[in-house]
Asker: 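Please read through the structure below; I'll follow up with questions.
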2 protein chains.
Amino acid sequence: MLTGTNLLWLGDFNQSLVLNEIRSKESISRVELAERTGLTAQTVSNIVRRLLDAGLVLEAGRRSSRGGKRATMLRLNAESCYAVGLHIDPARTTLVVTDLRGRVVTRVSRRTPAARGPGRVIGALVRAVHQIVERSGVPADRVLGIGVATPGPIDPGGGLVVEPPNLPGWHSVPLRESLESGTGLPVVLDNDATAATIGERWAGGEARSADMAFLYFGTGIGGGLVLGGRPYRGISKNAGEFGHITVVVGGRECRCGNRGCLETYLSPHAIIDDAARRRGEEPPRLPRGSAATVEYYGRVCRAAAAGEEDALAVIEAAADHLGHAVVTLTNILDVPMVVLGGWGISGIGDLYRRAVTEAAATQPIARAMRKTRVELSITGDDAAAVGAASMVLHTTYAPRFGGPAG
Amino acid sequence: MLTGTNLLWLGDFNQSLVLNEIRSKESISRVELAERTGLTAQTVSNIVRRLLDAGLVLEAGRRSSRGGKRATMLRLNAESCYAVGLHIDPARTTLVVTDLRGRVVTRVSRRTPAARGPGRVIGALVRAVHQIVERSGVPADRVLGIGVATPGPIDPGGGLVVEPPNLPGWHSVPLRESLESGTGLPVVLDNDATAATIGERWAGGEARSADMAFLYFGTGIGGGLVLGGRPYRGISKNAGEFGHITVVVGGRECRCGNRGCLETYLSPHAIIDDAARRRGEEPPRLPRGSAATVEYYGRVCRAAAAGEEDALAVIEAAADHLGHAVVTLTNILDVPMVVLGGWGISGIGDLYRRAVTEAAATQPIARAMRKTRVELSITGDDAAAVGAASMVLHTTYAPRFGGPAG
DNA sequence: CATGATTACTAAAGAATGTGGATAAAGACA
DNA sequence: TGTCTTTATCCACATTCTTTAGTAATCATG
């Protein structure tokens with residue numbers, strides 16, 4: 001249900017809008033802001049003054065003349081505030097500190113000590129957050145909050161990790177509350193694929209479309225959608241389960257109970273099994289999300305990237321399935337951009353990108369009306385952690401419509 | 001790019017919001033409106049006064065007491081304005097007049113005289129519009145405009161029918177301009193599937209979710225999306241091409257150039273061919289979108305509905321494919337409601353609905369988190385025509401955000 | 001039947017916002 | 001030096017929503 005709006009909201013909205021425009025450019029003048037936002041010069045002037053007072057924006061010299069008075073350029077003060085991003089994956093936990101632009105200032109990655117149970121892990125996380133903030137040299141009062149990305153279904157409202165399939169023993173852990181009381185900072189929580197999507201949009205600026213689908217390759221395959229400029233999560237926060245697009249009817253059995261899901265052909269486990277079988281070996285029974293899995297999968301990807309025949313054949317077969325899934329996706333959603341990211345594509349990203357680009361250019365029904373650009377994530381392997389930090393910035397500074405935005 | 005907002009817009013927005021709430025209920029009090037919209041009682045009071053003055057809303061008695069002063073109930077004045085809907089299908093042209101609620105006042109259907117070429121058809125359409133308005137008994141000055149739904153890709157901005165695959169000879173016809181100058185009424189134009197979606201949302205009120213997918217069964221299979229309460233058309237207005245979801249990799253060849261599209265198993269043509277083959281007959285080579293096709297297809301559907309074994313088997317096989325497509329759809333979009341509509345499901349709607357309900361309850365990954373409701377269109381066989389009329393009402397009275405809403 | 005509590009609605013003043021027109025400042029150009 | 005263009009700000013004004021206070025209708029209760 002949409003909710004009504006008021007004046008305060010209107011002011012905030014326009015302010016966020018202006019900030020967003022400044023963020024998307026290296027530098028921009030007031031007049032250009034007025035043109036791009038549709039606001040009057042006077043209004044922009046007032047809003048910019050507020051932003052300057054708040055320290056979020058800086059004046060940055062003057063542009064070379066275009067005939068009259070030279071414009072005062074404005075640029076984002078990326079050092080005005082920061083956010084902590086935390087990605088808890090079954091194998092590794094990654095922490096980052098990013099500035100307001102979404103650029104990584106400091107990064108730490110360590111093995112996830114899940115076996116010790118949630119209680120002790122949370123204690124360790126609180127210490128890790130304090131440590132990385134200290135190490136980054138960022139003034140503590142400029143840290144806006146902590147974003148947390150975890151795999152699997154969560155309850156973003158209550159801040160619980162509901163039943164992460166890859167974190168045994170973590171049933172309904174009140175992660176948000178614990179971290180908030182432990183660090184004194186506000187915490188936002190979402191699943192890793194959604195976080196990575198928001199991060200891509202935030203850090204990507206103009207290079208990332210207002211409508212895009214992000215495919216996140218982790219232990220499984222998830223994803224997220226940005227539609228009309230804002231994240232779309234779906235009614236139960238489960239939109240973007242691209243890993244369960246059916247690519248082969250009656251195909252491989254999936255842990256979701258269905259058959260032929262994309263994930264059963266592209267997850268690290270599937271790739272590992274395919275690679276082993278192709279060499280006539282018995283598929284190794286590695287535990288889901290273990291360090292050994294990551295290791296083995298990395299070897300296959302590197303081999304494929306190096307051109308080793310068997311590995312390449314396996315990855316190319318996977319890429320073919322991925323292409324079909326993206327075609328279905330663009331037929332349904334008509335997005336102009338598909339971004340591939342997550343640690344699961346490191347090494348093979350370009351192989352995937354080429355295959356998907358080819359499929360998207362030749363198969364969707366509307367291929368004549370729009371080109372679908374296929375890009376690799378600019379946030380790299382740490383997409384989820386950077387995205388988690390971006391969620392904090394996004395909730396604080398993104399222009400939002402009234403009502404419970406999806 | 002989002003655009004800035006101003007005060008006039010804010011007022012209009014809140015007014016639309018209130019009108020929308022009134023529309024969605026049979027009757028509602030000012031206090032309830034305040035609760036539901038988040039506006040203050042005073043603001044609601046002011047907005048309601050404007051709506052009463054404009055004649056869009058009526059006071060309708062008082063509610064039985066809840067302890068204090070009895071509330072003055074408000075209800076939509078459905079007779080305050082009307083819209084004309086026009087659906088130009090290859091086989092038939094349907095005209096409707098609907099009231100502000102989206103209810104059909106008058107309806108006319110006739111054979112589409114496409115063979116005579118666009119020029120003469122448009123002249124006939126102008127006359128038909130005048131006729132139906134007169135016949136409906138609606139005061140001419142209360143008709144807000146004309147909505148036109150046509151199959152295939154169009155350019156809603158320029159008002160052209162670009163290259164409708166089923167209307168030979170109609171290349172870039174300036175339909176909007178011609179109709180506007182011929183009738184003196186504003187014209188909005190969109191494809192039939194999108195129109196049907198908007199109509200379903202408008203006429204459905206509370207019974208239709210703010211997030212839903214509408215599958216439109218006509219000559220082909222199209223559809224539309226409502227996400228976050230507003231229609232989502234995609235970047236090139238081609239979202240919702242559900243007919244081209246791949247359901248069988250390497251399957252039947254589709255006119256889109258791809259293989260195994262849903263449409264190749266569920267379109268009237270596909271069903272006709274399947275039914276003929278099953279009876280050992282040669283598939284009849286009927287022209288696409290011809291009256292003979294509609295006739296033959298109707299026979300198969302009626303036979304299936306009557307329980308005739310061969311026809312039933314064909315429809316059940318089709319329903320199975322449909323189920324798979326909807327599972328993919330819900331995995332991607334996490335919508336709580338899927339609506340089936342269009343003349344293509346008349347007779348077999350319940351068969352399809354049962355199959356899809358079953359699939360949606362057992363196969364999507366998030367099936368435990370949300371139930372997907374599967375419903376049949378409330379606008380019936382005339383979904384596209386009613387939807388076309390609703391587009392007029394929607395563009396006039398739906399709350400809209402600033403900027404180019406998708 | 002008077003009193004007070006509850007619910008529904010409205011009037012008037014106040015605060016926040018964007019708009020439009022005028023003004024000021026800085027530089028380009030003849 | 002003077003005029004024009006571009007950029008940015010100042011001030012009066014209109015519009016919106018909110019706050020505060022007040023009116024109106026109904027019910028419960030003694």
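What you are looking at is a predicted structure, and each value in this text was computed from that prediction instead of being measured. Quick note on labels: first sequence line is chain A, next is B, and so on, each numbered from 1.
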Asker: Go through D/dT26, D/dT9, C/dG20 for me and flag the one nearest to the B/Arg70 side chain.
Answerer: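 Nucleotide nearest to B/Arg70's side chain: D/dT26.
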Asker: Using a cut-off of strictly less than 4.0 Å, decide whether A/Arg50 has a side-chain nitrogen or oxygen near OP1 or OP2 of C/dA16.
Answerer: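 Result: no.
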Asker: Please determine, for the side chain of A/Val31, which listed nucleotide (D/dT7, D/dC17, C/dT7) has the closest atom?
Answerer: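 So the nucleotide nearest the side chain must be D/dT7.
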Asker: In whole Å, what is the span from the NZ atom of B/Lys69 to the C1' atom of C/dA8?
Answerer: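 In whole Å, C/dA8 C1' and B/Lys69 NZ are 5 Å from each other.
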Asker: Give the rounded distance in Å between these two atoms: CG of B/Leu74 and C1' of C/dA8.
Answerer: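 Computing the B/Leu74:CG to C/dA8:C1' distance gives 12 Å.
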Asker: Atom CG of A/Asn14 to atom C1' of C/dT19: distance rounded to whole Å?
Answerer: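 Whole-Å distance recorded here is 13 Å.
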Asker: For A/Phe13 and D/dT16, what is the distance between atoms CZ and P respectively, to the nearest whole Å?
Answerer: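 Atom CZ in A/Phe13 sits about 19 Å away from atom P in D/dT16.
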Asker: Between atom CD1 in B/Ile47 and atom C1' in D/dT18, what is the gap in whole Å?
Answerer: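 Distance, rounded to whole Å: 13 Å.
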Asker: Rounding to a whole Å, what distance do you find between A/Asp12:CG and C/dA16:C1'?
Answerer: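 A/Asp12 atom CG is separated from C/dA16 atom C1' by 11 Å.
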Asker: Would you say D/dT18 has OP1 or OP2 under 4.0 Å from some side-chain N or O of B/Thr40?
Answerer: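 Checking B/Thr40 against D/dT18: at least one side-chain N or O falls below 4.0 Å of OP1 or OP2.
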Asker: Could you tell me whether the phosphate oxygens of D/dT16, OP1 or OP2, come under 4.0 Å of any side-chain nitrogen or oxygen in B/Asn46?
Answerer: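 Checking D/dT16 against B/Asn46, no side-chain N or O comes under 4.0 Å of OP1 or OP2.
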Asker: Check every atom of C/dT19, C/dC9, D/dC17 against the side chain of A/Thr43 and return the nucleotide holding the closest atom.
Answerer: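 Of all the options, the side chain of A/Thr43 is nearest to C/dT19.
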Asker: Nearest heavy-atom pair of A/Met212 and A/Val339: which atoms, and what distance?
Answerer: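 Minimum heavy-atom separation between A/Met212 and A/Val339: SD-CG2, 4.0 Å.
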Asker: Is the phosphate of C/dC9 approached by B/Thr72 (side-chain N or O, under 4.0 Å from OP1 or OP2)?
Answerer: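 Result: yes.
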Asker: In terms of heavy-atom contacts, does CD of B/Glu206 have more than 12 from other residues, nucleotides or ligands at under 6.0 Å?
Answerer: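 Counting other residues, nucleotides and ligands, CD of B/Glu206 exceeds 12 neighbours.
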Asker: Show the nearest heavy-atom pair for residues B/Val386 and B/Gly102, with the distance to one decimal.
Answerer: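 Nearest heavy atoms, B/Val386 then B/Gly102: CG1-O, 3.8 Å.
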Asker: Could you state the atom-to-atom distance from CD of A/Gln15 to P of C/dA16 in whole Å?
Answerer: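 Rounded to the whole Å, the gap is 15 Å.
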Asker: Rounded to whole Å, how long is the line connecting atom CD1 of A/Ile28 with atom C1' of D/dT7?
Answerer: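 After rounding, the gap between these two atoms is 15 Å.
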Asker: On a heavy-atom basis, which atom in B/Tyr397 and which in B/Leu144 lie closest, and how many Å separate them?
Answerer: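 B/Tyr397 and B/Leu144 have their closest heavy atoms at CE1-CD1, 3.8 Å.
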Asker: Please determine if a side-chain N or O atom of A/Arg30 lies less than 4.0 Å away from the OP1 or OP2 oxygen of D/dA8.
Answerer: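 For A/Arg30, the contact criterion (side-chain N or O under 4.0 Å from OP1 or OP2 of D/dA8) is met.
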Asker: May I ask you to evaluate whether B/Ser45 reaches the phosphate of C/dT10, defined as a side-chain N or O under 4.0 Å from OP1 or OP2?
Answerer: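 Yes, B/Ser45 has a side-chain N/O under 4.0 Å of OP1/OP2 on C/dT10.
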Asker: I'd like to know if B/Gln42 reaches the base of C/dA11 with its side chain, counting only an N/O donor and acceptor under 3.5 Å.
Answerer: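 Yes, a donor-acceptor pair under 3.5 Å.
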Asker: Work out which heavy atom in B/Met391 is nearest to a heavy atom in B/Val148; give both atom names and the distance.
Answerer: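 It is CE-O, 3.6 Å.
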